[in-house]
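Reviewing the structure listed below.
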Amino acid sequence: DGGYDARWVHFRIGPVTIPMPNTAARRRALPLHDLHHIATGYDTSWVGEGEIGAWEIASGCGRHVAAWILALAAMQIGVLIAPRRAWRAFVRGRQSRTLFVETWDERMLDGSIGALRARMGLGRAVRPARTIDAILFVAWSLPLILGMVTLLSGMVALGRVIF
């Protein structure tokens, strides 16, 4: 079942593995998230997860609080390691429809990928970004931006103390 029923999930970042409880809220959102990967074509690499995170934030995660949290974390990674791709995915997400507004049903797997993409508004060309898209992208990127500013400020302060 792809680990949907596992009690814990493990995220590997280089040589480090980070365990995380596989909560009921995460398990409810995960099949929809996985269908998003299939419909959008974003892979499951770190860059692909960053893209899907940006796309999900932009298109919305509905009442799935776990999806909002995990997508925001993934988007932050995407902004850090592949900012242009995260930006493009965000703009695309602003113009498409998420499955998070629906309740998971096994019958969602019965249709074609083309029909799924059409239902989500992914079959048409992406319009150029608007000013509101840029504002929202920066706003959703604030956790990363503030973290980087804090880190750099600390390094400067530490440098003044040491040198």
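- Contacts of Tyr42 classified as ring-ring contact (aromatic ring centres under 6.0 Å, His included), with partners at least two apart in sequence or in another chain: none.
- Residue pairs meeting the salt bridge (charged side-chain N to carboxylate O under 4.0 Å, His left out) criterion with at least one partner in residues 57-86, sequence neighbours excluded, are Glu51-Arg85.
- No hydrogens or angles considered: a donor-acceptor pair under 3.5 Å links the side chains of Tyr4 and Asp34.
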*Applying side chain to side chain contact (heavy atoms under 4.5 Å, CB included), run through Asn22 and Arg7 and close with a yes or a no.*
CA-CA 5 Å; Asn22 194 18; Arg7 291 184 63 207; 5.9 Å; no
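- Residues Thr98 and Met120 form no side-chain contact, since every pair of their non-hydrogen atoms from C-beta on lies 4.5 Å or further apart.
- By the 4.5 Å heavy-atom criterion applied to side chains, Ile38 and Arg117 are not counted as neighbours.
- In terms of heavy-atom proximity, Ala71 sits nearest to Cys61 at CB-SG, 4.2 Å.
- Using a 4.5 Å cut-off between side-chain heavy atoms of Ile, Leu, Val, Met, Phe, Trp and Tyr, with links allowed through other members, Trp46 and Met20 fall into different hydrophobic clusters.
- The side-chain heavy atoms of Arg26 and His33, taken from C-beta on, include no pair separated by under 4.5 Å.
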*Could you check Gln95 against Val91 for side chain to side chain contact (heavy atoms under 4.5 Å, CB included), going step by step and ending with a plain yes or no?*
CA-CA 7 Å; Gln95 300 173 31; Val91 172; 3.5 Å; yes
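- Between atom CZ of residue Arg127 and atom CZ of residue Arg92 there is a gap of 13.5 Å, rounded to the nearest 0.5 Å.
- Side-chain atoms of Leu99 and Arg119, non-hydrogen and from C-beta on, do get closer than 4.5 Å to each other.
- Distance OG/Ser45 to CD1/Ile52: 11.0 Å, rounded to 0.5 Å.
- His36 pairs by the ring-ring contact (aromatic ring centres under 6.0 Å, His included) definition with Trp55, Phe100, not counting sequence neighbours.
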All N/O donor-acceptor pairs, side-chain side in residues 72-83, below 3.5 Å, sequence neighbours left out:
residue	atom	partner	partner atom	Å
Gln76	OE1	Leu144	N	2.8
Gln76	NE2	Trp140	O	2.8

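- Here His10 pairs with nothing under the ring-ring contact (aromatic ring centres under 6.0 Å, His included) rule; sequence neighbours left out.
- In terms of hydrophobic clustering, with Ile, Leu, Val, Met, Phe, Trp and Tyr side chains grouped at heavy-atom distances under 4.5 Å, Met108 and Ile113 are assigned to a common cluster.
- Side-chain contact between Asp43 and Glu49 is absent, with no heavy atoms from C-beta onward closer than 4.5 Å.
- Taking CG of Leu70 as the reference point, atom OG1 of Thr23 lies at 7.5 Å (rounded to 0.5 Å).
- When all heavy atoms of Ala54 and Ala89 are compared, the pair lying nearest together is CB-CB, 4.3 Å.
- Trp104 contributes atom CH2, which lies 10.0 Å from atom CG of Leu30 (distance to the nearest 0.5 angstrom).
- Using a 4.5 Å heavy-atom cutoff, the side chains of Thr103 and Arg28 are not in contact.
- Using the six-membered ring where Trp is involved, Phe90 and Trp87 have ring planes that are parallel, under 30° apart on the 30 and 60° scheme.
- Both Leu116 and Leu109 belong to a single network of hydrophobic side chains, linked directly or stepwise wherever heavy atoms of I, L, V, M, F, W or Y lie under 4.5 Å apart.
- For Ser153, the side chain to side chain contact (heavy atoms under 4.5 Å, CB included) criterion is met by Val149, not counting sequence neighbours.
- Val101 and Leu32 end up in different hydrophobic clusters when Ile, Leu, Val, Met, Phe, Trp and Tyr side chains are linked at under 4.5 Å.
- Scanning both residues, Ser112 and Ala115, for their nearest heavy atoms gives OG-N, 2.9 Å.
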